[in-house]
Asks: 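Before I ask anything, let me first share the structure, which is written out below as structure tokens.
All values reported here derive from a predicted model rather than from experimental measurement. Note on naming: letters A, B, ... go to the chains in the order of the sequence lines (proteins, then strands), and numbering restarts at 1 for each one.
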Amino acid sequence: GIQVEQSPPDLILQEGANSTLRCNFSDSVNNLQWFHQNPWGQLINLFYIPSGTKQNGRLSATTVATERYSLLYISSSQTTDSGVYFCAVVRDSSYKLIFGSGTRLLVRP
Amino acid sequence: NAGVMQNPRHLVRRRGQEARLRCSPMKGHSHVYWYRQLPEEGLKFMVYLQKENIIDESGMPKERFSAEFPKEGPSILRIQQVVRGDSAAYFCASSPDRPATQHFGDGTRLSIL
């Protein structure tokens with residue numbers, strides 16, 4: 001099956017710093033989503049981005065489908081950005097979201 | 001526009017009891033997916049349903065687990081004779097079509113005593 005690898009597994013930032021999270025996948029996909037799981041366990045949709053670039057406030061994401069990776073950029077990080085960031089993909093002709101193991105982010109004040 | 005609604009948020013059961021988890025998809029969404037998240041892990045696909053049909057249940061354990069999405073009412077994930085290993089967060093997602101963004105509910109945290 002398709003493999004989804006996220007890096008780094010853990011990240012500690014000082015408030016105000018910028019960061020880049022990476023997601024590599026091993027097969028062509030028709031869907032890629034980034035999620036933030038907050039400390040209360042809620043899963044927040046950040047981006048639906050099978051290709052191209054999108055921005056939403058301090059967050060932006062880029063997916064290069066031909067090279068099978070996606071990047072999530074967090075600028076001017078805040079303590080509320082803490083949590084786990086998941087990348088999930090749907091392989092072509094499928095519908096199951098396959099999740100990576102996540103990047104655990106801690107933003108310190 | 002209400003999002004995906006799951007209830008209960010927390011459910012405690014003793015070993016051997018039954019657990020019923022409910023999911024109401026977003027308005028206009030006819031595709032429902034259930035995922036399970038074990039502690040410290042990512043989410044894993046369990047089952048995909050459309051109204052009155054199970055499309056793919058390849059991620060469901062072979063025994064004790066069942067799911068339905070009736071013509072009227074929410075989707076139900078049912079776990080019979082629960083065991084400690086069933087303790088997890090169960091998330092439901094819905095989409096209007098596929099491929100499309102899957103929108104997730106807040107999950108049900110199941111604890112087995």
Asks: Select one option (side chain, backbone, both, neither) describing which atoms of A:F35 are under 4.5 Å from chain B's heavy atoms.
Replies: side chain
Asks: To the closest 0.5 Å, what do you measure between NZ (A:K96) and OH (B:Y33)?
Replies: 12.0 Å
Asks: Could you pull out the closest heavy-atom pair between A:Q42 and B:R109, with the gap in Å?
Replies: N-NH2, 4.1 Å
Asks: Answer yes or no: does atom CZ of A:R104 have more than 12 heavy-atom neighbours from other residues, nucleotides or ligands under 6.0 Å?
Replies: no
Asks: What do you reckon, is CE of B:M60 surrounded by more than 12 foreign heavy atoms closer than 6.0 Å?
Replies: yes
Asks: Does a sphere of radius 6.0 Å around CD in B:E63 hold more than 12 heavy atoms from other residues, nucleotides or ligands, not counting ones at 6.0 Å or beyond?
Replies: no
Asks: Is the backbone N or O of B:D56 less than 3.5 Å from a side-chain atom of A:Y95, with the two atoms forming a donor-acceptor pair by type?
Replies: no
Asks: Among B:H103, B:E41, B:K44, which has the most heavy-atom pairs under 4.5 Å with chain A?
Replies: B:H103
Asks: Measure up the A:F99 and B:F104 rings against each other and bin them: parallel (under 30°), tilted (30 to 60°), perpendicular (over 60°).
Replies: perpendicular
Asks: I'd like to know whether CZ of A:R58 has more than 12 heavy-atom contacts from other residues, nucleotides or ligands below 6.0 angstrom.
Replies: yes
Asks: Knowing that exactly one of A:N31, A:N45, A:I49 qualifies, which makes a side chain to side chain contact (heavy atoms under 4.5 Å, CB included) with B:T101?
Replies: A:N45
Asks: Which one, A:L43, A:L97, A:I44, A:I98, leads in non-hydrogen pairs under 4.5 Å with chain B?
Replies: A:L97
Asks: For a quick test of reading the model, state the closest non-hydrogen atom pair linking B:Q102 to A:Q33 and the distance between them.
Replies: N-OE1, 3.0 Å
Asks: For atom CD of A:E5, decide whether the heavy atoms of other residues, nucleotides or ligands shown that lie under 6.0 angstrom number more than 12.
Replies: no
Asks: With a 6.0 Å cut-off (strictly less than), is the heavy-atom count around CZ of B:R15, excluding the residue itself, greater than 12?
Replies: no
Asks: Should A:V4 and A:L105 be counted in the same cluster of Ile, Leu, Val, Met, Phe, Trp and Tyr side chains packed under 4.5 Å apart?
Replies: yes
